[in-house]
Structures are given as structure tokens and as C-alpha cells.
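Read the structure below first, then the notes.
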Amino acid sequence: MIDKQVGSAAAAVADIFDGATVMVGGFGEAGSPIELIHALIDRGVKNLTVVNNNTGSGHVGLAALIENKQVGKMICSFPRTANSTVFPDLYRAGEIELELVPQGTLAERIRAGGAGVPAFYTATSVGTPLAEGKELRNFEGRDYVLEHGLKADFALIKCERADRYGNLVYNKTARNFGPIMAMAAETTIAQTGLQLEVGAIDPEVIVTPGIFVDRIVTVTEPAQESRLVAAGRSYP
Amino acid sequence: MIDKQVGSAAAAVADIFDGATVMVGGFGEAGSPIELIHALIDRGVKNLTVVNNNTGSGHVGLAALIENKQVGKMICSFPRTANSTVFPDLYRAGEIELELVPQGTLAERIRAGGAGVPAFYTATSVGTPLAEGKELRNFEGRDYVLEHGLKADFALIKCERADRYGNLVYNKTARNFGPIMAMAAETTIAQTGLQLEVGAIDPEVIVTPGIFVDRIVTVTEPAQESRLVAAGRSYP
Amino acid sequence: MNKKSSSMNKKSSSKNEKSGTLNQKNGTVIGWNREQMARRAALDIPDGAYVNLGIGIPEKVAQYVPEGREVIYHTENGLLGMGIAPEPGQEDPELINAGKKAVTVIPGASFFHHADSFAMIRGQHIDICVLGAMQVSACGDLANWSTGAADAIPAVGGAMDLVAGVKTIFVITQHCTKNGDSKLVESCSYPLTGQAVVSRIYTDLAVLDVTPEGFRVLELAPGISMEYVRDRTEGNLIDGRLANVVGA
Amino acid sequence: MNKKSSSMNKKSSSKNEKSGTLNQKNGTVIGWNREQMARRAALDIPDGAYVNLGIGIPEKVAQYVPEGREVIYHTENGLLGMGIAPEPGQEDPELINAGKKAVTVIPGASFFHHADSFAMIRGQHIDICVLGAMQVSACGDLANWSTGAADAIPAVGGAMDLVAGVKTIFVITQHCTKNGDSKLVESCSYPLTGQAVVSRIYTDLAVLDVTPEGFRVLELAPGISMEYVRDRTEGNLIDGRLANVVGA
């Protein structure tokens with residue numbers, strides 16, 4: 001029997017190892033799997049490479065993971081946002097590495113990683129510093145850069161509804177990176193607000209088919225990052 | 001005001017020109033936009049390049065378009081099926097060109113065309129006759145072939161529900177090539193069984209956002225290819 | 001699904017008993033028939049596997065997966081969670097499998113477009129694919145899409161994507177062609193579907209793994225000897241039967 | 001949406017009247033202010049356009065699109081059909097725009113994931129993108145993501161994807177920096193966002209097209225002369241005003 005439900009966030013992240021590449025869903029706080037990130041902080045593994053569009057805010061969630069010195073390298077498109085001081089400070093101090101990737105290239109690299117495409121060409125970044133060192137190639141009169149698919153050992157994502165097969169449905173713009181990170185990771189761990197019976201989600205509206213998901217943790221009332229930040233909270 | 005509704009299939013295909021590349025949705029008869037294809041037969045334009053997984057069956061729909069000598073070249077993965085004699089006969093007679101593409105490569109090329117990716121690498125077909133003449137490249141110890149994005153002047157697709165913005169929802173496995181062909185064509189024409197008010201389709205379940213669709217034709221009771229074939233029908 | 005499958009099995013088994021290998025000496029059928037080949041392959045489908053079944057004998061595998069195992073079937077035209085064939089009269093022309101036959105969906109199924117479907121394949125998300133074969137070489141090359149004949153209409157479908165992308169490729173095939181030529185060969189003479197892609201082969205005579213040393217026999221059909229298989233196999237054949245290894 | 005926009009416009013216009021260019025001679029404000037720049041750009045958004053608006057002044061464009069035009073706004077984090085900001089207290093932290101501000105959806109909106117969203121961008125499906133700028137060169141190069149300063153935290157977001165993929169790029173920007181340096185330059189000194197990507201520029205002083213011959217003035221803000229703009233522009237400046245062309 002297929003049952004991807006795991007009893008706790010701690011159990012769900014228990015095999016994430018030192019040096020792992022971890023994709024973390026979310027665009028800002030929307031879709032950020034904050035309970036899974038906090039479980040990863042509790043776990044204490046180090047030297048992670050983390051893929052996320054941003055670097056978190058305040059001193060909770062992804063920012064707290066970075067502040068806790070567990071992240072050796074960030075792969076992201078926009079590492080500074082309102083209320084983000086943790087990454088900038090560490091970056092200026094030379095204590096964390098950054099691979100800056102244009103947002104659409106980041107999304108396409110993740111999608112390619114999940115779809116078995118090792119590399120593709122895109123016009124994004126041609127003629128800019130972010131194309132330096134990359135292969136340029138002309139197709140039909142226009143230059144493109146070669147970009148590589150991006151895979152991960154783990155993905156931590158957040159959805160609204162799930163079943164024990166791992167079928168997922170997201171909420172509004174919290175969908176963002178979830179579906180493609182689920183495809184690109186060896187082990188995908190999703191926190192869901194609602195756990196439903198198999199068959200309760202219409203086959204036409206499932207966004208992430210269960211084949212891309214390995215573990216489901218139910219977090220019925222997830223914390224909201226901006227509220228924690230506004231309240232001056234920190235983790236742990 | 002945005003209103004992509006067109007009064008008839010004939011009006012919807014009225015600007016398809018001689019020599020155009022036309023993507024035609026459907027996998028076998030599932031998702032085949034038979035009324036739009038018949039309108040294209042009525043229109044009589046020649047020397048089309050048609051992209052479809054198959055080549056139709058019997059003497060209706062895509063098979064009839066081919067039989068009517070309007071297609072100079074087929075790009076597809078499986079040009080023969082049960083009840084398909086039109087394409088095989090013309091092909092053996094040297095009267096129609098064939099570009100044979102593995103099904104997944106075909107799908108990914110169409111998706112790439114729609115997503116602004118001019119080329120990508122895939123392991124599919126490496127070491128086979130279909131990789132002959134293609135660039136081979138090794139990534140992390142494995143060989144891949146370079147494949148190019150595929151675009152079209154027009155796409156003819158079929159959906160279940162649509163609104164005047166061109167938002168589409170499909171029916172079961174009739175979804176198949178519809179969403180990606182809608183992305184890859186300069187002009188996408190969809191026939192829909194049901195025309196709904198804008199806002200009647202939940203934003204979470206729209207499969208093809210209206211940005212990819214140019215024209216909508218309502219065909220409330222579309223013909224079913226297999227029934228026409230079983231009845232020995234032909235078009236025109 | 002398994003309960004229904006069992007009854008389908010009973011219904012169909014009698015009329016299929018004849019489809020084993022024709023023993024050339026006395027005209028009786030020996031080896032496994034098509035149903036038995038499918039049943040043998042089904043034993044190797046683990047609980048929780050995501051499986052794609054090719055057209056023909058491979059399709060039958062779903063009927064024989066042992067009870068208690070939950071297996072999810074993928075069909076590359078855009079469905080995960082494919083169920084059995086519908087009752088006659090209940091067919092929906094917009095709910096079909098890759099062989100364009102009417103199917104049903106199980107609870108927990110999902111629909112998706114072709115690029116997403118082949119992302120599951122190419123991205124190595126499908127665990128097992130079971131396919132038919134024209135030839136399998138000793139190094140696991142598969143030829144199953146074209147004889148290369150000049151007048152043939154070439155048609156490949158998703159076969160090349162499946163063998164390139166799915167983690168484990170099983171082949172179910174008659175050991176020999178109708179002409180008596182071995183389909184297990186040193187090197188394929190037909191155009192390839194993929195290079196070094198096949199893991200295991202289920203024939204009417206034996207179950208064989210593809211190994212660096214050649215075809216390794218794991219199991220023989222009842223009444224079939226190693227010599228009988230060797231006579232009907234091109235390429236190196238190793239006896240890898242557990243009894244042989246342990247008991248020798 | 002347009003009706004609400006009009007009222008928003010009225011509400012906000014009075015407090016923004018001060019934000020034009022400070023005339024160095026007498027301390028009065030001349031040229032267009034931020035709201036007027038946005039309103040001028042909005043005139044060039046046609047009915048039925050799919051539009052992506054950058055953060056800052058570009059966001060304001062939506063408020064000023066002339067009534068009767070139906071425009072669909074895309075936000076690259078995964079929404080087509082973005083509506084206006086919600087009433088205070090009605091914000092949903094999972095319904096935000098690319099600037100991470102709470103938004104609403106219009107009827108007919110759709111949600112999708114990031115790869116699909118950037119397929120809309122990269123695949124040239126978005127008609128117009130309106131962006132801010134640090135510098136625009138006479139050949140349409142845009143610099144708007146980094147000063148290249150050694151201690152800066154580099155952050156690019158979707159800017160490079162937008163300029164590479166969207167059919168038409170509009171820039172709204174003050175003509176000069178606070179230090180009085182022209183942002184319209186012969187060649188950008190800041191790191192580029194994209195090469196030869198900008199079509200039209202809306203500044204506080206003028207509307208200009210990027211042409212092979214240089215910046216072509218289409219329209220001047222009230223009270224602004226060609227000489228005034230020329231003094232504040234690096235790179236070749238052409239007078240392309242209709243009155244000038246026709247009436248001369």
C-alpha cells in the first residue's frame with residue numbers, strides 16, 4: 001500500500017544529510033514550508049546548498065536556517081528583500097556563497113532537472129555579467145546561453161491539499177516553485193494544510209501528481225512568516 | 001474588450017495560408033479538433049506542414065486533410081494506426097514527407113517552442129537511427145542529442161470549456177497536446193464544447209491560460225472520429 | 001483492481017493456454033504461454049511502483065500483480081492511475097491509453113499534458129516499464145520499433161523515450177520469432193530503440209537478466225532445459241539460477 | 001477595474017503633484033510627476049494587451065489605462081489577471097505580486113507555476129513590460145538591476161527574463177539621477193540587464209523612442225524644450241515630434 005504520510009516534520013526531514021542540496025519552495029513567504037524548514041533547523045545538518053528564489057526574511061524560516069550557519073551556498077535570483085538582513089550580512093562577511101540566477105532561468109533549470117533535460121539554451125542574460133563564462137550559441141540569428149538542469153537531493157514544499165498518494169493542490173500564488181521543485185528532487189517532502197482521502201481530489205485539478213512526491217506531513221495551521229517577523233520572533 | 005469568440009469554424013481558420021505550419025491537437029481521436037480540421041479542408045489551402053502525434057484514421061478529420069492533398073509534410077511520432085491507410089499509401093507513393101520524432105521529444109520540442117527555448121538536450125534516441133545527423137553531447141558521463149524547439153503558425157485544438165478570454169479546461173486524456181500546442185503557435189484556435197462566462201472557471205483549475213489562445217469556436221456536439229470511421233464516412 | 005483482475009484472468013486463461021512454444025519434436029506446447037509470461041513478470045513489480053506497460057503482452061501484467069501490492073499505472077498520453085478496461089458500452093473516447101484503447105481511472109488518478117507526461121518518463125520518475133521486443137542484445141540494446149524494411153512506415157511512438165528515461169526496463173517477448181530465429185541476440189540487426197537499456201527479459205522459455213557477461217538465466221519455464229534455451233539464444237548465456245549457484 | 005482605477009487616480013493625484021523635476025533656476029517643479037509619467041505610459045497600452053508591470057512607478061500604470069480598454073496583468077510569480085490591491089485587512093499572504101505585495105484577482109484570472117509563468121515571458125507571449133531603469137543606452141541597452149558596487153548584494157529577480165522575452169519593453173524613469181546625471185546615456189556604465197531591449201522611454205521630461213539613430217523625442221512634457229532635454233541627455237537626440245515633422 002502506498003502511504004506517503006509521515007507523522008511529523010521532524011520525521012520527514014530525518015534523513016537530510018550534511019552537504020545535501022535542498023530546494024525550498026516559496027516566493028517570499030507565499031508557499032514557504034516554514035514548519036519543514038524549522039524541523040531542518042532542529043536537525044542541525046550543515047553545509048547545505050539551498051535553492052530558493054530569495055533568502056528569507058527576519059529571523060524565522062529560511063533566514064533562520066541561514067542564520068544558524070547551516071547553509072554553505074544559496075542558489076537564488078533575489079537574495080535581498082524587505083526585512084532580510086541575515087543573508088546580506090553573511091554574504092558581505094564572506095561566510096556564504098551565492099549563485100545568482102535570473103528568476104526565469106532558475107525556474108526553467110529546475111523544470112529541466114525534473115524533466116530529464118540536462119541543458120537548454122535561453123536568451124535570458126545574454127550580454128550581461130550573468131552570462132560570463134557560459135557557452136553562447138546562435139540560433140536563427142539570435143544569441144542564447146547554455147544553462148544546465150538543476151536537481152536536488154531534497155525538496156521541501158508547501159501545498160494546500162494532499163492525499164496519501166502524494167497528489168497535491170496548491171493555494172493561489174503559493175503554487176510558485178512547488179510543482180517544479182517536486183519534479184527535480186530525489187526526495188520531495190510536502191507539508192499540507194489538509195489531508196484528504198485518495199480520490200477526493202478531482203483528477204483534472206491535481207497540480208502535482210503523486211509520482212513526484214515522497215512524503216506528506218500535515219500542518220493544519222502553518223505559521224505565517226510575515227506575522228512572525230512583525231512580532232519580532234526568531235527560531236529556534 | 002477582449003472577446004476571442006469567433007462565430008464559426010470557417011471564420012476561425014480563414015487566414016490559414018498555403019505553406020503554413022499547423023499543429024493539430026489530439027492523440028488519436030482524443031482531443032482531435034475535427035470540426036476545425038474539416039473547416040480547413042473546406043478552405044483548401046495546400047502544402048501545409050502538420051504536427052500531430054499520428055496521421056488520423058479512416059477518411060475524416062486529419063486523414064481527410066491528408067487525403068485531400070493539403071499536407072506536404074507530417075511531423076509526428078506514430079504515422080500509422082488502426083484504420084489508417086491514407087498516410088501510408090501517400091508515403092509509399094512518395095507524395096508526402098515525414099519527419100519522425102519520438103513522442104516525448106515531440107512533446108518537449110513543442111513545449112520548448114512555446115517557452116522560448118530554441119534547443120535542448122535529451123537522451124531519447126541516442127544510438128538510434130533517429131539521432132543520425134544530430135549533435136551529440138556528453139553531460140556527466142551520458143550522451144544526449146540536441147533537439148530544437150518547434151513552433152507553428154497555427155494550432156488547432158479541442159477543449160471542454162472556455163471563456164471569452166481564451167482560458168481553457170480539457171477533458172481527461174483529450175488534454176494531451178492541447179496545452180503545449182497552444183503555447184507554441186503564433187495563432188491558437190480552440191474549439192470548445194462549452195462556452196462560459198469569464199470568471200466561471202476557477203483560477204486554480206484553468207489548464208491553458210487565455211494568453212496562449214487567440215480564437216474560440218463553440219462546437220457543442222463535436223463529431224467523434226471513431227464513430228464516423230465505423231460508419232464509413234468520409235469528408236468532404 | 002486485483003480482484004477484478006483475477007476474474008479477468010480466469011475468464012481468459014483457458015483460451016490462451018495454447019500460446020506457448022511449439023515443441024518441434026512432438027507438436028505439443030511447452031514453455032510459458034502469454035498469460036504465464038505476464039504473470040511471471042508481474043511477480044517482479046514491487047508494491048508502490050509507478051509502472052508503464054507497453055502494448056500487447058505487457059498490458060496483461062497489470063492483471064497479475066499479486067494481491068496486496070498497490071501499483072500505479074502511467075500511460076504516456078497523459079494519465080497516472082490508469083484502471084482496467086471499462087465495461088462494454090461504458091467506453092469514453094476521451095479516456096484512453098497509449099494503445100488508444102478505452103480505460104478507466106482509479107481513485108487518486110491525475111490527468112496532465114504530454115510534456116508533463118514525458119517529463120515523468122524522461123526525468124526517471126517511472127520505476128518500471130514493460131515492453132515488447134523484436135530483438136534484445138546481450139548488452140541490453142533493444143530493437144522494438146522497426147524492421148528497417150524499405151517499404152515500412154516508420155513509427156516510433158514513445159518507445160525511445162521510455163527506454164531512455166524509465167529507471168528499469170523489462171521486456172516480455174517470445175524467445176524466438178515465428179521463423180525460429182532467436183530474439184535474444186549478440187547484436188541487434190534491426191534499428192535500435194535504445195542502447196544498453198534492458199534489465200530483464202521474460203520469454204516463454206526463461207527469465208533472464210542482462211549482465212556484463214551476457215544473458216543470465218534466473219529461471220527456466222517448467223520442462224525447459226538450459227540446453228534448450230542455449231540452442232535458441234544468440235550471445236553468451238550464463239546459468240544464474242539460484243539452485244544452480246547454491247546447490248552446485 | 002477601470003472605474004476603481006479612476007477613483008484611485010483622483011484620490012492620489014493631489015498629493016503627488018510635487019514629484020516632478022525641480023527647476024534649478026527658480027525652485028518650481030517642471031515636467032511630469034510620477035503619476036503623470038504613469039498616465040502617459042498608460043495611453044500606450046492597447047486594448048487586449050497582456051502586460052507585466054515592474055515595481056515602483058510602473059505599477060501605477062494600471063491605474064491610468066483609459067476606460068474601455070481591457071488589459072490583463074501578469075505577475076511573474078504565477079498569476080495572470082492580477083487585480084488591484086485588496087482593502088486593508090483583506091490581504092492574503094498567499095495572493096501576492098512579484099513585489100511581494102498583496103493583490104487580488106479579476107474574474108478570468110488563472111494561477112500557474114513558475115516555469116509556466118516564465119514560459120509566458122520567455123516565449124514572447126507577454127505584449128508589454130513596463131520597467132524602471134538606472135540607465136538606458138541609445139541603442140536600447142537597459143541597466144536596472146545592479147550598480148556593480150563591490151559591497152552590493154547582487155539581486156536580479158526576473159528582470160533579465162522580462163527584457164529578453166517580452167515583445168515590447170517600456171521604461172519609466174526620471175530623466176536624470178538625483179545628482180543630475182542623465183539616465184539616458186550613450187553606453188551604460190552599470191551592468192546590463194539586457195542588450196537592445198528597450199523600445200520606448202517615459203521620463204519626467206519627455207517620451208522617447210529608441211531608434212537606430214538614437215533617442216527620438218515623440219513628445220515633451222509641458223514647458224520643456226528640446227534644448228532642455230538635450231542638455232540632460234547623453235547620446236544622440238532626434239526631434240521626432242509629429243508637429244515638428246509635419247509642420248516644419
Checklist entry - Does Gln124(C) reach the side chain of Glu186(A), with side-chain heavy atoms less than 4.5 Å apart? => result no

Checklist entry - Relative to chain A, which segment of Ala115(C) carries a heavy atom at a distance below 4.5 Å: side chain, backbone, both, or neither? => result both

Next on the checklist: If you count heavy-atom pairs within less than 4.5 Å of chain C, which of Leu196(A), Ile206(A), Asp163(A), Asp3(A) leads?
Outcome noted: Ile206(A)

Checklist entry - Looking at Gly199(A), Ala115(A), Gly116(A), which makes the most heavy-atom pairs under 4.5 Å with chain C? => result Ala115(A)

Checklist entry - Within the side chain of His74(C), is there an N or O that forms a donor-acceptor pair under 3.5 Å with the backbone of Ile211(A)? => result no

Checklist entry - Does a sphere of radius 6.0 Å around NZ in Lys4(A) hold more than 12 heavy atoms from other residues, nucleotides or ligands, not counting ones at 6.0 Å or beyond? => result yes

Checklist entry - Is it the side chain or the backbone of Ile126(C) that comes within 4.5 Å of chain A heavy atoms, both, or neither? => result both

Item to check | Backbone of Phe212(A) reached by a side-chain donor or acceptor of His125(C) within 3.5 Å | outcome: no

Next on the checklist: Ignoring hydrogens, what is the shortest heavy-atom contact between Gly48(C) and Ile2(A)? Give both atom names and the distance.
Outcome noted: CA-CG1, 3.6 Å

Checklist outcome for this item: For Tyr50(C) and Tyr165(A) the tightest heavy-atom approach is OH-O, 3.8 Å

Next on the checklist: Can you give me the closest heavy-atom contact between Met120(C) and Pro209(A), atom names plus distance?
Outcome noted: CE-CG, 3.6 Å

